[in-house]
**Student:** 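Take a look at the following structure, please.
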Amino acid sequence: MTKQPQSTEALDDVLATLHDMLEDDATRDDVLRFAALNPAFREDILAFVAEWVASEGSDLGDEDPTGERTARNHHSILERFWAPVQSQASDPFDAMDSDDIDRIAANCRIDTGILRKLCRCLIDVDTIPGQLLVWLADELKSSPSVLNAFLDGAPAAAGADYFAPQGRTAPGKVSFETAVKTSMLDLSQKRFWFPDMAA
């Protein structure tokens, strides 16, 4: 058996798997993960997806066996597929119930004020201790990388900011140390995070 047929067989298997994934509504991220798992066939995978998107959901159906026609607006369909997904679930705090706030804050050794600032992306993620990110991710049934990406986002204005006399303002981010200093934590709790914090 020669090397070329083995490569063709492997490619056929990869594309058959990809076909099944696309039939099951695979997303951009699914395809990119699959391509990363099969680097030798990356170009073939991306080309297959381009062809798939060109005809899937179009008015072509199976009446074009030669494959000479493509869907209308092929390029816009392709752009929509490859655009990064703005997932509604990208906020790991969405699943948090108001009853959970006290428990999560206590388990993460912060107070509810700090937790609320985290929910609104008001703390600079680069200043947040890794241990806190791990604990929070565990409490939120998320991953530290997903949580980190969310916390790195733009700060959210509070509801009251929309009705303030001076109008809506864009909040800035504070350091984790500043959030701890101004929190309701007692001194020993603050010193858990910053042992040299003054009284």
Side-chain angles (χ1 to χ4, degrees), residues 14 17-39 42 45-46 49 53 80-162 168 170-195 197:
V14 165
T17 303
L18 179 60
H19 179 271
D20 292 341
M21 289 172 58
L22 292 169
E23 285 279 338
D24 292 335
D25 298 322
T27 65
R28 163 195 180 270
D29 291 335
D30 296 331
V31 171
L32 292 176
R33 266 193 303 277
F34 186 70
L37 292 172
N38 299 282
R42 179 178 172 77
I45 290 169
L46 299 181
V49 169
V53 172
R80 276 198 309 274
F81 181 83
W82 287 115
V85 177
Q86 299 300 322
S87 170
Q88 298 302 315
S90 63
D91 180 352
F93 294 97
D94 270 350
M96 185 174 69
D97 189 281
S98 59
D99 297 336
D100 295 333
I101 292 175
D102 290 332
R103 177 186 56 77
I104 291 173
N107 289 348
C108 293
R109 302 187 75 156
I110 56 177
D111 70 1
T112 56
I114 294 173
L115 184 57
R116 286 190 172 94
K117 284 181 175 138
L118 289 167
C119 292
R120 293 177 53 212
C121 302
L122 294 176
I123 298 177
D124 182 356
V125 71
D126 294 329
T127 66
I128 300 171
Q131 183 61 61
L132 176 57
L133 288 175
V134 170
W135 286 344
L136 256 181
D138 187 51
E139 289 290 330
L140 297 169
K141 312 260 187 299
S142 183
S143 71
S145 60
V146 168
L147 182 61
N148 190 75
F150 171 77
L151 294 172
D152 199 31
D161 293 345
Y162 292 100
R168 184 176 170 195
K173 294 196 178 205
V174 298
S175 70
F176 179 69
E177 184 174 9
T178 299
V180 168
K181 276 182 185 174
T182 59
S183 72
M184 300 301 290
L185 294 172
D186 65 35
L187 187 58
S188 66
Q189 292 169 321
K190 291 178 181 180
R191 285 186 172 161
F192 171 80
W193 296 109
F194 300 99
M197 189 168 281

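Position 1 is the first residue of the sequence; numbering continues from there.
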**Student:** Listed by chain and number, what are the salt bridge (charged side-chain N to carboxylate O under 4.0 Å, His left out) partners of D30, not counting sequence neighbours?
**Tutor:** R33

**Student:** If we only count heavy atoms from C-beta on, is the L118 to L151 side-chain gap below 4.5 Å?
**Tutor:** yes

**Student:** Heavy-atom distance under 4.5 Å between the side chains of K117 and T182, does that happen here?
**Tutor:** yes

**Student:** Does K181 have more than 12 heavy atoms from other residues, nucleotides or ligands lying within 6.0 Å of its NZ?
**Tutor:** no

**Student:** Using the ring pair (Phe, Tyr, Trp, His ring centres under 6.0 Å) criterion, which residues pair with F150? Sequence neighbours excluded.
**Tutor:** F93

**Student:** Compare every heavy atom of V31 with every heavy atom of A26, then report the nearest pair and how far apart it is.
**Tutor:** CB-CG2, 4.5 Å

**Student:** List the residues meeting salt bridge (charged side-chain N to carboxylate O under 4.0 Å, His left out) with D152, not counting sequence neighbours, and say none if there are none.
**Tutor:** none

**Student:** Do N38 and L18 touch side chain to side chain, with heavy atoms closer than 4.5 Å?
**Tutor:** no

**Student:** Which heavy atom of K173 sits nearest to which heavy atom of P155, and what is that distance?
**Tutor:** CE-CD, 3.9 Å

**Student:** T127: which residues meet the side-chain hydrogen bond (donor to acceptor under 3.5 Å, both in side chains) condition with it, sequence neighbours left out?
**Tutor:** none

**Student:** Ignoring hydrogens, what is the shortest heavy-atom contact between I110 and L185? Give both atom names and the distance.
**Tutor:** C-CD2, 3.8 Å

**Student:** With sequence neighbours left out, what residues match D126 under side-chain contact (heavy atoms from CB on, under 4.5 Å)?
**Tutor:** D124

**Student:** Output all residues satisfying side-chain hydrogen bond (donor to acceptor under 3.5 Å, both in side chains) with T178, sequence neighbours left out; order by chain, then residue number.
**Tutor:** S175

**Student:** Restricting to non-hydrogen atoms, name the atom on A137 and the atom on P144 that form the minimum distance, rounded to 0.1 Å.
**Tutor:** CB-N, 3.6 Å

**Student:** Atom CZ of F194 and atom CD of E177: how far apart are they, to the nearest 0.5 Å?
**Tutor:** 4.5 Å

**Student:** Rounded to the nearest 0.5 Å, what separation is found between the OG1 atom of T17 and the CG atom of L37?
**Tutor:** 11.0 Å

**Student:** How close do L187 and M197 get, heavy atom to heavy atom, and via which atoms?
**Tutor:** CD1-O, 4.3 Å

**Student:** If the condition is side-chain contact (heavy atoms from CB on, under 4.5 Å), which residues does I101 pass it with, not counting sequence neighbours?
**Tutor:** M96, T112, L115, R116

**Student:** Checking S142 now: which residues fulfil side-chain contact (heavy atoms from CB on, under 4.5 Å) with it, not counting sequence neighbours?
**Tutor:** P92, L140, V146

**Student:** Enumerate the salt bridge (charged side-chain N to carboxylate O under 4.0 Å, His left out) contacts for residues 128-148, please, sequence neighbours excluded, ordered by first and then second residue.
**Tutor:** R103-E139

**Student:** Run the side-chain hydrogen bond (donor to acceptor under 3.5 Å, both in side chains) test against D186 and tell me which residues pass, sequence neighbours left out.
**Tutor:** S188

**Student:** Can you name the residues that form a side-chain hydrogen bond (donor to acceptor under 3.5 Å, both in side chains) with R109, not counting sequence neighbours?
**Tutor:** none

**Student:** Which residues satisfy the side-chain contact (heavy atoms from CB on, under 4.5 Å) test with N148, sequence neighbours excluded?
**Tutor:** V125, L133

**Student:** Taking the inter-plane angle between the rings of F176 and W193 on a 0 to 90° scale, is it parallel (under 30°), tilted (30 to 60°) or perpendicular (over 60°)?
**Tutor:** perpendicular

**Student:** State, to 0.1 Å, how close I114 and S183 come at their nearest heavy-atom pair, and which atoms those are.
**Tutor:** CD1-CB, 3.8 Å

